[in-house]
Amino acid sequence: MRLGKLIVFTGPSGVGKGTLLRSLLRRHPELYFSISVTTRAPRPGEVDGKHYYFVTRPQFEQMVATGELLEWAEFAGNYYGTPRRPVEQQIQQGCWVVLEIEIEGARQIRQTFPDALRIFILPPSLQELENRLRDRATDSEQAILRRLKRAEAELEAADEFDFQVVNDNLEKALARLEAALFSPAAI
Ligand code: 5GP
């Protein structure tokens with residue numbers, strides 16, 4: 001059987017990756033979305049096992065120590081990581097697996113899965129990113145400022161990726177994403 005493929009989505013917090021990915025997954029239910037583990041507290045409406053697996057720091061550190069994570073990173077004061085087994089199983093079965101992770105994790109994946117397709121989602125501008133982070137109104141001012149600072153550093157790394165997609169308009173960004181995934185030679 002043919003092996004599947006790993007697809008990595010990265011982009012600064014507030015860029016709208018979540019909305020874009022949800023639309024992509026609705027249109028392509030054959031894609032398998034990897035659910036991450038995090039020590040961040042759930043936001044209102046977030047469900048354990050659906051949006052993330054929410055764990056304590058000691059639990060997370062235990063997973064790191066036992067090699068259960070494919071990659072992991074600290075982001076804005078919390079840990080985030082990708083459970084290894086489901087990803088490896090899905091790829092063995094020929095599925096396309098989608099990771100939505102920050103830049104440090106994407107760099108780790110480049111080492112362990114050099115064939116992964118890596119896509120960077122860009123905001124139309126830094127100002128627009130700040131507006132979106134503030135409109136979301138789920139994070140404290142301190143968290144927003146940390147995320148903005150991190151976003152500036154992440155944007156500088158956009159060139160490391162195979163494709164860059166500007167999320168200015170959902171439909172257009174989705175069309176560009178689909179082209180990158182399903183007919184990369186065309187772009
Ligand atoms: P949020 O707290 O907004 O859900 O996520 C913060 C950042 O962590 C986002 O950039 C998101 O892509 C990233 N992230 C989510 N899951 C993972 C993961 O498993 N590994 C890594 N490295 N980053 C993740």
Side-chain angles (χ1 to χ4, degrees), residues 1-55 59-60 63-64 68-76 78-110 112-123 132 136 138 147 154 161-167 170-184:
M1 186 196 279
R2 272 179 55 140
L3 283 183
K5 186 147 101 176
L6 194 57
I7 303 157
V8 176
F9 285 95
T10 300
S13 183
V15 77
K17 288 179 303 237
T19 311
L20 202 53
L21 279 185
R22 271 193 300 279
S23 303
L24 182 75
L25 293 166
R26 257 199 307 274
R27 278 161 66 147
H28 302 277
E30 74 280 10
L31 297 174
Y32 175 89
F33 180 74
S34 160
I35 302 169
S36 297
V37 179
T38 185
T39 60
R40 163 166 86 55
R43 294 190 181 122
E46 283 185 334
V47 177
D48 186 44
K50 181 173 176 204
H51 299 93
Y52 281 106
Y53 297 107
F54 295 99
V55 297
Q59 282 171 330
F60 192 97
M63 293 180 89
V64 172
E68 285 173 62
L69 300 179
L70 196 58
E71 61 71 36
W72 66 274
E74 189 161 6
F75 181 96
N78 292 297
Y79 289 138
Y80 296 81
T82 302
R84 179 188 297 279
R85 262 179 73 81
V87 171
E88 289 181 347
Q89 278 172 351
Q90 292 294 326
I91 290 185
Q92 284 297 328
Q93 289 168 18
C95 290
W96 286 22
V97 177
V98 173
L99 306 187
E100 194 252 276
I101 60 179
E102 53 65 69
I103 186 81
E104 294 304 330
R107 287 182 176 141
Q108 292 168 43
I109 294 291
R110 186 166 57 176
T112 47
F113 280 86
D115 293 340
L117 178 67
R118 299 181 327 133
I119 300 176
F120 196 88
I121 314 293
L122 287 162
R132 289 183 194 175
R136 188 157 75 179
T138 50
R147 280 165 185 262
E154 291 209 334
F161 286 71
D162 300 313
F163 291 103
Q164 297 176 8
V165 172
V166 179
N167 191 14
L170 183 64
E171 277 306 313
K172 282 193 201 153
L174 202 50
R176 285 187 218 120
L177 264 189
E178 287 178 322
L181 289 179
F182 305 114
S183 46

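Keep in mind the model is a prediction, meaning the values are calculated, not measured. Sequence positions, counted from 1, serve as the residue numbers for this chain.
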If you take all heavy atoms of [X] and [Y], which pair is closest and at what distance?
{"X": "P12", "Y": "I121", "result": "CD-O, 3.5 Å"}
{"X": "A180", "Y": "L117", "result": "O-CD2, 3.9 Å"}
{"X": "P123", "Y": "V15", "result": "N-CG2, 3.3 Å"}
{"X": "S36", "Y": "P83", "result": "CA-CD, 4.1 Å"}
{"X": "I101", "Y": "T10", "result": "O-OG1, 3.0 Å"}
{"X": "S13", "Y": "R147", "result": "OG-NH1, 2.6 Å"}

Kindly write out the residues that satisfy salt bridge (charged side-chain N to carboxylate O under 4.0 Å, His left out) with [X], not counting sequence neighbours, or none if the list is empty.
{"X": "E30", "answer": "none"}
{"X": "K5", "answer": "none"}
{"X": "E88", "answer": "R84"}
{"X": "R107", "answer": "E104, E160"}

With side chains defined as the heavy atoms from C-beta onward, is the minimum distance between [X] and [Y] less than 4.5 Å?
{"X": "V166", "Y": "R176", "result": "yes"}
{"X": "L174", "Y": "R27", "result": "yes"}
{"X": "F9", "Y": "L20", "result": "no"}

For [X], which residues count as a side-chain contact (heavy atoms from CB on, under 4.5 Å) partner, sequence neighbours excluded?
{"X": "H51", "value": "E46, V47"}
{"X": "R132", "value": "P124, E128, N167"}
{"X": "Q59", "value": "V55, T56"}
{"X": "T112", "value": "I109"}

Measure from the side-chain N and O atoms of [X] to the backbone N and O of [Y], and report whether any donor-acceptor pair falls under 3.5 Å.
{"X": "E100", "Y": "G18", "result": "no"}
{"X": "E102", "Y": "G105", "result": "yes"}
{"X": "R118", "Y": "A106", "result": "yes"}

What residues form a ring-ring contact (aromatic ring centres under 6.0 Å, His included) with [X], not counting sequence neighbours?
{"X": "Y79", "answer": "F60, W72"}
{"X": "F120", "answer": "F161"}
{"X": "F54", "answer": "Y52"}

For this session: Go through H28 and W96 one step at a time and tell me if the side chain to side chain contact (heavy atoms under 4.5 Å, CB included) criterion holds.
Result: CA-CA 10 Å; H28 302 277; W96 286 22; over 6 Å; no
Measuring from [X]:[atom1] to [Y]:[atom2], what's the distance to the nearest 0.5 Å?
{"X": "F113", "Y": "L70", "atom1": "CZ", "atom2": "CG", "answer": "5.0 Å"}
{"X": "L177", "Y": "F182", "atom1": "CG", "atom2": "CZ", "answer": "9.0 Å"}
{"X": "I91", "Y": "D115", "atom1": "CD1", "atom2": "CG", "answer": "10.0 Å"}

For this session: Could you please spell out the steps behind the side chain to side chain contact (heavy atoms under 4.5 Å, CB included) verdict for D162 and I119?
Result: CA-CA 6 Å; D162 300 313; I119 300 176; 5.9 Å; no
For this session: Mind running side chain to side chain contact (heavy atoms under 4.5 Å, CB included) on Y53 and M63 for me, showing each step along the way?
Result: CA-CA 12 Å; Y53 297 107; M63 293 180 89; over 6 Å; no
Problem set entry | Pairing residues for T82 by the side-chain hydrogen bond (donor to acceptor under 3.5 Å, both in side chains) criterion, not counting sequence neighbours |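 Applying side-chain hydrogen bond (donor to acceptor under 3.5 Å, both in side chains) to T82 gives E71.
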